Each structure stands twice: as structure tokens, then as C-alpha cells.
Amino acid sequence: MPVEEFVAGWISGALGLVLGHPFDTVKVRLQTQTTYRGIVDCMVKIYRHESLLGFFKGMSFPIASIAVVNSVLFGVYSNTLLVLTATAHQERRAQPPSYTHIFLAGCTGGFLQAYCLAPFDLIKVRLQNQTEPMAQPGSPPPQYRGPVHCAASIFREEGYRGLFRGAWALMLRDTPTMGVYFLTYEGLCRQYTPEGQNPSSATVLVAGGFAGIASWVAATPLDVIKSRMQMDGLRRRVYQGVLDCMVSSVRQEGLGVFFRGVTINSARAFPVNAVTFLSYEYLLRLWG
Ligand SMILES: CN(C)C(=N)NCCC[C@H](N)C(=O)O
């Protein structure tokens, strides 16, 4: 099994993650708390109460976990294509796989990465939702002192299954939308690249950016539900399951609830995924 795709996926994911984390914190707050009037209000409040560091809450764990998560996504995607089409990464420009195969490989990568991502994403969301300023002498400590403390507390209070809270919604979010992700990327690259050649850096940046936006627009409704399920159970359980969370969210906040955070998600998605795909392609060509 070729391993370069796993390593390239890890490095490119880490670069994208650092760039996108501040946007991600604003998105999670907007989706799960009702105290903010919009993106700007949320940013100003985070900056005032928690300083610049507030935007980077919960980032250390995803950085560590991206090694697993992104390498699984890109590695499984590429190796599924290898199984489906019998072509390795280097041969795919000359013998392009069909869009159906690309979509199926993307869905497979998304499904498996969701399983690895679930506990890490839960911890990230719980930490991002702590609004206390970081480590101020004399002020009461936040509920979770850091990622390890957060994981240990969830495990102690909610058991092993507690670490997978929201995992169903995450899988439903990621399986089809990762298909959309790779489909958009490949489609745009082919559109703007002469047959048989490698796409230029500009094409990769634009195709990667739009792949990120397309997949996140499609993913936002289930992203909202996923974040709510992950925050559920902190004090008492509110939702019976994914469907119940959807129904009660719509009842209380209308259909617009499914698009909470879509603007910030898209603004984050473009640079993050442009950089992710550019570094991924670059590394594979370097090693190829
Ligand atoms: C849930 N969806 C739609 C996605 N994860 N889409 C792919 C983007 C992956 C990238 N690491 C990012 O965080 O934007």
C-alpha cells in the first residue's frame, strides 16, 4: 500500500489547520451559543474577553490528531482509487478515473476519517466553547484545563461512549461531503488543465479552495447538529438523538438554523483547502 499519500495528507492537513483554526472557533461559538449577534460581534467579544489566544483555543489537540485524521482521509481516498481503477497517483493524470470512482473514494475516505476524528473533534468543540479567559490568576478555573483533562473528564463522567458523542452526525456529515470535496477538486482541475498534464499551482489553489467551500456548504446543516450533539450532556441531556436534535433545533430557531456558520465556514474553507491541496500535490510530486 503506497504510504506517501498518508504522509502528504498529514503535512498538508496541519498547514491548513493552523490557518483555519481562528475561523473555526468563531464558527463553533456561533453554532452553539446564542450570545453573539454575528461574525464581527463574536470576533470582537472573543478578542476583548479572551485576547488573541481565545481564537486558538482547542488547537493543540487537532494539530496532534491531524496526523491520523488527514492522513486517513487522503490515504484512504487514494488507495480506494487504486483498488477501484488500478492506477497509482502518478498515473492518474494520463488515465483519469471516472467521477463516480472519485466520489466513491471520497465517501470512503470521509467515512473512515470520521471515525478517527470523532473523539478529537468532540474535545476541540468542548474547549472552543469555554468562554473563560485563559489562565488568569484569581479567576475560577474553566471546567476543562486542557485537552487531556477534557478527555479524562468526559471518560470519567460519560464513559467511553461519551468520547463518541456526536459521532453519528459527524459520519453523516463527512461521508457524502468528502465525495463532493474530491469531486469538485478533480472536476475543476480537469476543466482548467490541458489533457494529460499536471494542474498548475494557481489551478490547484483555486480548485482546492472551491472544493473546500462546496463541501462545507453541503456539510453545514449536519455540522450544526453535530456541534450541538457534542455539547449535549454537559449538564443534562437535551437531545434523544440526531433526528430529535434536528427537529427541536428547527422548532425553536426555524430552518435558518441549518445555515448557522455557513459564511464563516466558507471563508475558512477557501484558504485552508487551497493550502492543503497545494502542499499535498507538491509533496507527492516531490516524492513521485
Ligand atoms: C466536513 N467537510 C465538508 C470537510 N471536512 N470537508 C473537507 C475539508 C477538510 C479540511 N480539513 C477542512 O477542515 O476544511
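When a ligand or atom number is given, it counts from 1 through the structure's own listing order. Since we're looking at a predicted model, the values are computed, not measured.
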K.L.:
Nearest protein heavy atom to atom 6 (N) of ligand 1, by residue and atom, and its distance?
P.N.:
S215 OG, 3.2 Å
K.L.:
In the protein, what heavy atom is nearest to atom 4 (C) of ligand 1, and what distance, to one decimal place, separates them?
P.N.:
M178 CE, 3.4 Å
K.L.:
Please check this pair: side chain of R92 against backbone of P97, looking for a donor-acceptor N/O pair closer than 3.5 Å.
P.N.:
no
K.L.:
Among protein heavy atoms, which lies nearest atom 1 (C) of ligand 1, and at what distance?
P.N.:
D174 OD1, 3.0 Å
K.L.:
Aromatic rings Y185 and F277: how do their planes relate, parallel, tilted or perpendicular, breaks at 30° and 60°?
P.N.:
parallel
K.L.:
When rounded to the nearest 0.5 angstrom, what distance separates NE2 in H89 from CZ in R285?
P.N.:
8.0 Å
K.L.:
Surrounding OH of Y282 (heavy atoms of other residues, nucleotides or ligands, distance under 6.0 Å), is the total greater than 12?
P.N.:
no
K.L.:
Of the side chain and backbone of A219, name the one, both, or neither that has a heavy atom under 4.0 Å from an atom of ligand 1.
P.N.:
side chain
K.L.:
Which residue and atom name correspond to the protein heavy atom nearest atom 11 (N) of ligand 1, and how close is it?
P.N.:
N70 OD1, 4.1 Å
K.L.:
When you compare ligand 1 with R268, is there at least one nitrogen or oxygen pair between them that comes in under 3.5 angstrom?
P.N.:
yes
K.L.:
Please check if any side-chain donor atom of K124 sits under 3.5 Å from a side-chain acceptor atom of Q128, or the reverse.
P.N.:
yes
K.L.:
Please work out whether any backbone atom (N, CA, C, O) or any side-chain heavy atom from C-beta onward of T276 is under 4.0 Å from ligand 1, and answer side chain, backbone, both or neither.
P.N.:
neither
K.L.:
May I ask you to check if ligand 1 and R173 share an N or O to N or O distance below 3.5 Å?
P.N.:
no
K.L.:
Do the side chains of R228 and D232 get close enough for a salt bridge, i.e. N-O under 4.0 angstrom?
P.N.:
no
K.L.:
Would you check if the distance from the ring center of F164 to the ring center of Y115 is below 6.0 Å?
P.N.:
yes
K.L.:
At what distance is the nearest protein heavy atom to atom 9 (C) of ligand 1, and which residue and atom is it?
P.N.:
N273 OD1, 3.6 Å
K.L.:
Between L17 and ligand 1, which residue portion shows a heavy-atom distance shorter than 4.0 Å: side chain, backbone, both, or neither?
P.N.:
neither
